[in-house]
Peer 1: 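This is the structure I want to talk about, given as C-alpha cells.
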Amino acid sequence: MDRIITYAQAILEATEQCMAADSSVYIMGLGVPDPKGIFGTTLGLKEKFGDNRVCDMPVSENGMTGVAIGSAIVGMRPIMTHQRVDFMLLSLDQIINNAAKWHYMFGGKMKVPLTIRLLVGRGWGQGPQHSQSLQALFAHIPGLKVVMPATPYDAKGLMVAAVEDDNPVIYIEHRWLHGTFGYVPEEKYASTMGARLMRVGTDLTIVSSSLMTLEALKAANVLSEQGIEVELVDLRTIKPLDEKTVLDSIDKTGRLLVVDGAWQSFGVSAEIMAMVSEKAFDSLKCAPKRIAFADVPTPTSFALTNHYYPRAIDIVNTARKMLKMSEVTEEEAGICHQAPLDVPDLSFTGPF
Amino acid sequence: MTIWNKGKPIDMELKKKMYFDMLRIRMVEEAIAKHYSEQEMRCPVHLCIGQEAVAVGVCANLSKEDYVMSNHRSHGHYLAKGGNLKAMLAEIYGKATGCSKGKGGSMHLVDLSANFVGATPIVSSSIPVAVGLAFGTILKEKRSITAVFFGDAATEEGVFCESLNFASLKKLPIVFICENNFYSVYSPLFVRQPPERDNLSIVRAYGVAGEKGDGNDVLDVYTLAQRAIAHINQGLGPYYLQFDTYRWREHCGPNYDNDLGYRAEDEFTTWQGRCPIKHIEESLKNEGIISDSEVKEMVKRIHEEISEAFDFAKSSPFPDPKSAFAEVYA
C-alpha cells in the first residue's frame with residue numbers, strides 16, 4: 001500500500017504532474033533534456049511534453065532568469081533548474097532585483113510565479129564552488145520564498161506547492177537526498193509551506209532542515225536510547241519561517257538546538273536563535289546552541305571534508321552538554337559510520 | 001497586431017500626431033522640472049527632455065496589444081505607449097492613486113491597460129525580462145510584439161548579449177531600442193567603449209538584424225521602427241535599433257548640469273539646436289501641414305491636461321502606512 005520511491009523520483013513525479021495539470025508550466029535549465037536529466041529528476045519529460053516545455057538553455061543564468069520572469073509575467077509558470085546552486089549566483093540581479101520585488105514595486109499589478117530549483121552539492125571533492133548552501137542569502141530577501149525538503153514526501157509536495165505558488169520560490173534540494181527512499185503518494189498533492197514535527201519529545205527541541213534533518217533524526221534515536229527525548233522540527237520552509245511550530249516546541253522542551261547545513265555566521269541558525277530569544281526567552285532552561293559549518297569555504301580533499309561536516313555524534317554530544325551530561329564516543333553511542341564523509345552511502349562511487 | 005503599411009508615406013495626420021505626442025512629453029517633463037523644487041515629488045526623476053523622438057517614433061508603430069518595457073528614464077516611453085498621465089504623476093508624488101500605488105515612483109512605472117509592462121532602473125535588467133515577455137507570447141501563442149528601450153550603457157552589460165543570443169536563437173518578436181545619449185550618468189561614451197566598437201556588428205554577430213538612425217528625427221525613427229516590425233512580422237526574429245540623441249537636463253533631477261564640466265557647453269548647444277520637436281515642427285510648417293494657431297491650440301490643450309493631472313496627483317491621498325506591508329507576496 002505504502003509506495004516507496006526516491007527523493008529524485010518524487011521531484012520528477014511532481015514536475016510531471018504539474019506539467020500535465022497546467023499547460024503554463026514549463027521547465028528550463030542547463031541539461032534538463034539531456035540523457036542524465038538532472039540526476040534523474042527530469043527524465044522522460046521531453047518525450048511527454050516536447051522541446052518547448054522542456055528546454056535546455058544557453059549558458060546565461062542571469063539572462064535566462066530574466067526570460068523566465070518575463071514569461072511568468074505573461075502567464076507562464078516556469079521551473080528553472082541549476083545543477084549546482086553556485087551557478088545560480090550569476091543570476092542574483094534578476095532574482096533579487098526583479099523576481100523578488102516585481103509584485104511589490106508595481107503595486108501588486110503583476111506576479112512572478114517562478115520556481116528556481118537549486119542543487120546543493122557535497123562530498124566527492126565538490127569543493128568551494130560546488131557545495132554552497134545559501135538558504136540564508138535567499139531567505140534574507142523580501143518577496144522570495146525558500147523551501148528545503150528533507151523527505152521524498154516533501155520533495156514532491158513542496159515542488160507542487162512551489163509551482164502552484166504565485167511567487168518566486170527557491171527550491172533547494174540536497175544532492176545527497178536524491179537517493180533516499182520514502183513514502184510518496186501517487187496522486188498530486190501540495191505540502192504546506194511550514195515546519196513539520198518529525199518527532200515528538202519533551203527534553204530538547206532540535207530545529208533543522210534538508211539533509212541535516214536526517215542527521216538530527218539519527219541523533220534523536222541515539223539520544224532516546226540514552227533517555228533524552230528530542231522534539232525534532234523539520235523547517236521545510238526557511239522563508240516564510242514557521243515561527244509558531246518552533247515556539248510551541250520550545251514552550252514544551254525549554255531547550256533549543258539548531259542544526260543548519262550551512263555556515264554559522266549570519267545564517268538560518270542565527271535567525272532562529274534570535275527569534276526564539278526574543279519571543280520565548282522565559283521558556284528557555286539553558287542557552288540555545290547551534291551546530292553549523294565553520295566559516296571557511298568547503299575544502300576539496302576528503303581528508304579535509306571528513307572534519308568539515310558536522311555529524312550525528314556532534315548533535316548527540318551538544319544535546320548532552322545542554323542537559324549537563326558528559327560526552328560520549330561514537331562507539332558508546334552506537335553510531336557506526338560505514339563510509340567516509342565524502343559519500344552519502346557505500347553505493348556511491350562518484351564522480352558526483 | 002501591428003500591421004506594416006509597406007512603402008506607404010507617413011501621412012499628415014500621423015506626422016501631426018507624433019508632433020503632438022512629443023510636445024506633450026516635453027511639456028510634462030518641463031512641468032515636472034518646474035514643480036520638482038516644491039519638494040513634493042520625493043523620488044529621483046530622470047527626465048527625457050531632448051530624447052522625445054525615439055519614444056514617439058517607435059511607439060507610433062505599435063498597437064495596444066504590443067508590449068513595452070523601459071528603464072529609469074521612462075516617462076517618455078510610458079506616455080508614448082499610452083500610459084495614464086494622472087497615474088504617472090500621482091506615482092511620482094508617492095500617492096495611493098499612483099500607477100504602482102506609491103511603491104515604485106518614477107523609476108517603476110506601469111500601465112497594463114496600455115501594455116506598458118514596467119520600467120526598472122538597474123541598467124540592462126529589464127532587457128531579458130522583455131525577452132521573456134516575447135518568449136511568453138510565443139509559448140502562449142499570442143501575436144504581440146515586445147519593444148524594450150535602454151540606454152547606451154546597457155549594451156555594456158553582459159545580460160544584453162545574453163538577451164540578444166536567446167532572442168535570436170528562438171527568433172523572438174522583439175525590437176531592442178538603444179537610445180544612445182552618449183553618457184552614463186557623467187561617464188562619457190569614450191571612457192566606456194572603444195572607438196572601434198560598433199554595436200551593429202555585435203548584434204549581427206548574434207544573428208540579430210539592426211540599424212542605426214537619427215534619434216532626433218522622429219520620421220527617421222518611425223521609418224526604421226516600421227522596418228524592424230515588418231522584419232519581425234515576417235518571422236525573421238528580433239531587431240536592434242540604435243538612435244543617437246541627447247539628454248538636455250542633468251542625469252537625475254530637474255536642472256541643467258553643464259556647470260559640472262563633464263560635457264562641453266558647445267556640445268550641449270549643438271544638440272539643443274537639433275531639438276527633435278523644433279525639427280518636426282518646422283518641417284510640418286514648411287509643408288503647410290500645421291499652422292501657428294494649431295500649435296498654440298495644442299499647447300493650450302496639453303497645458304490644461306497637465307494642470308489637471310498635477311491637481312489630481314497633488315490632491316490624491318497618500319497610501320495608508322499599512323499598505324507598505326502589503327503585496328510582498330502575491
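Note that the structure is a prediction, hence the values are computed from the model and not measured. Chain letters run A, B, ... following the sequence lines, proteins first and then strands; every chain starts at 1. Any value given below was found using the heavy atoms of this structure, including those in side chains, with hydrogens, waters and symmetry copies removed.
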Peer 1: Under a 4.5 Å heavy-atom cut-off, does chain A meet the side chain of B/Ser125, its backbone, both or neither?
Peer 2: both
Peer 1: Sort out for me which of A/Glu61, A/Lys145, A/Lys111 touches chain B most, counting heavy-atom pairs under 4.5 Å.
Peer 2: A/Lys145
Peer 1: Chain A: which of B/Leu172, B/Ile122, B/Leu112, B/Val117 shares the most heavy-atom pairs with it under 4.5 Å?
Peer 2: B/Ile122
Peer 1: Any luck finding a side-chain donor-acceptor pair between A/Arg117 and A/Thr41 under 3.5 Å?
Peer 2: yes
Peer 1: Please state whether the side chain, the backbone, both or neither of B/Thr146 comes within less than 4.5 Å of a heavy atom of chain A.
Peer 2: neither
Peer 1: Below 4.5 Å, heavy-atom pairs only: which of A/Ile69, A/Asn98, A/Val112, A/Asn52 has the largest tally toward chain B?
Peer 2: A/Asn98
Peer 1: Considering only heavy atoms, which portion of B/Ala324 lies under 4.5 Å from any heavy atom of chain A: side chain, backbone, both, or neither?
Peer 2: both
Peer 1: Chain A: which of B/Asn165, B/Thr137, B/Thr120 shares the most heavy-atom pairs with it under 4.5 Å?
Peer 2: B/Thr120
Peer 1: Heavy atoms only, distances under 4.5 angstrom: which of A/Val59, A/Ile73, A/Asn62 has the most pairs with chain B? Name it, please.
Peer 2: A/Asn62
Peer 1: Against chain A, label B/Ala167 side chain, backbone, both or neither, depending on which of its atoms sit under 4.5 Å from a heavy atom there.
Peer 2: neither
Peer 1: Please identify, among A/Gly70, A/Pro142, A/Gly75, A/Ser71, the residue contributing the most non-hydrogen atom pairs under 4.5 Å to chain B.
Peer 2: A/Gly70
Peer 1: Can you confirm whether the side chains of B/Thr155 and B/Arg197 place a donor and an acceptor under 3.5 Å from each other?
Peer 2: yes
Peer 1: Cut-off 3.5 Å, side chains only: do A/Gln132 and A/Asp86 have a donor facing an acceptor?
Peer 2: yes
Peer 1: In terms of side-chain geometry, is the basic nitrogen of B/Arg192 or B/Asp152 positioned less than 4.0 Å from the acidic oxygen of its partner?
Peer 2: yes
Peer 1: Side chain, backbone, both or neither: which part of B/Ala134 has a non-hydrogen atom closer than 4.5 Å to chain A?
Peer 2: neither
Peer 1: State whether A/Glu164 and A/Lys188 are salt-bridged, where the test is any N-O pair (Lys NZ or Arg NE/NH1/NH2 against Asp/Glu carboxylate O) under 4.0 Å.
Peer 2: yes
Peer 1: For B/Met69, which atoms come within 4.5 Å of any heavy atom of chain A: side chain, backbone, both, or neither?
Peer 2: side chain
Peer 1: Please state whether the side chain, the backbone, both or neither of B/Tyr67 comes within less than 4.5 Å of a heavy atom of chain A.
Peer 2: side chain
Peer 1: Please determine, by modelled atom types, if B/His75 and B/Ser106 share a side-chain donor-acceptor pair under 3.5 angstrom.
Peer 2: yes
Peer 1: Is it the backbone or the side chain of A/Leu90 that comes under 4.5 Å from a heavy atom of chain B, or both, or neither?
Peer 2: neither
Peer 1: Of the non-hydrogen atoms in A/Pro240 and A/Thr237, which two are nearest, and what is the gap between them?
Peer 2: O-CG2, 3.3 Å
Peer 1: Check whether the side chains of B/Glu179 and B/His77 place a donor and an acceptor atom closer than 3.5 Å, and report yes or no.
Peer 2: yes
Peer 1: Any non-hydrogen side-chain atom of A/Ile170 less than 4.5 Å from a side-chain atom of A/Met88?
Peer 2: yes
Peer 1: May I ask you to name which of B/Gly118, B/Ala326, B/Gly104, B/Cys99 has the most heavy-atom pairs under 4.5 Å with chain A?
Peer 2: B/Cys99
Peer 1: Ignoring hydrogens and angles, state whether a donor on the side chain of B/Tyr240 or B/Gln242 is under 3.5 Å from an acceptor on the partner side chain.
Peer 2: yes
Peer 1: For A/Gln17 and A/Lys156, test the side chains for any donor-to-acceptor distance below 3.5 angstrom and give the result as yes or no.
Peer 2: yes
Peer 1: Less than 4.5 Å to any heavy atom of chain A: does that hold for the side chain of B/Val129, its backbone, both, or neither?
Peer 2: both
Peer 1: What part of B/Leu109 is in contact with chain A, defined as an atom under 4.5 angstrom from a non-hydrogen atom: side chain, backbone, both or neither?
Peer 2: backbone
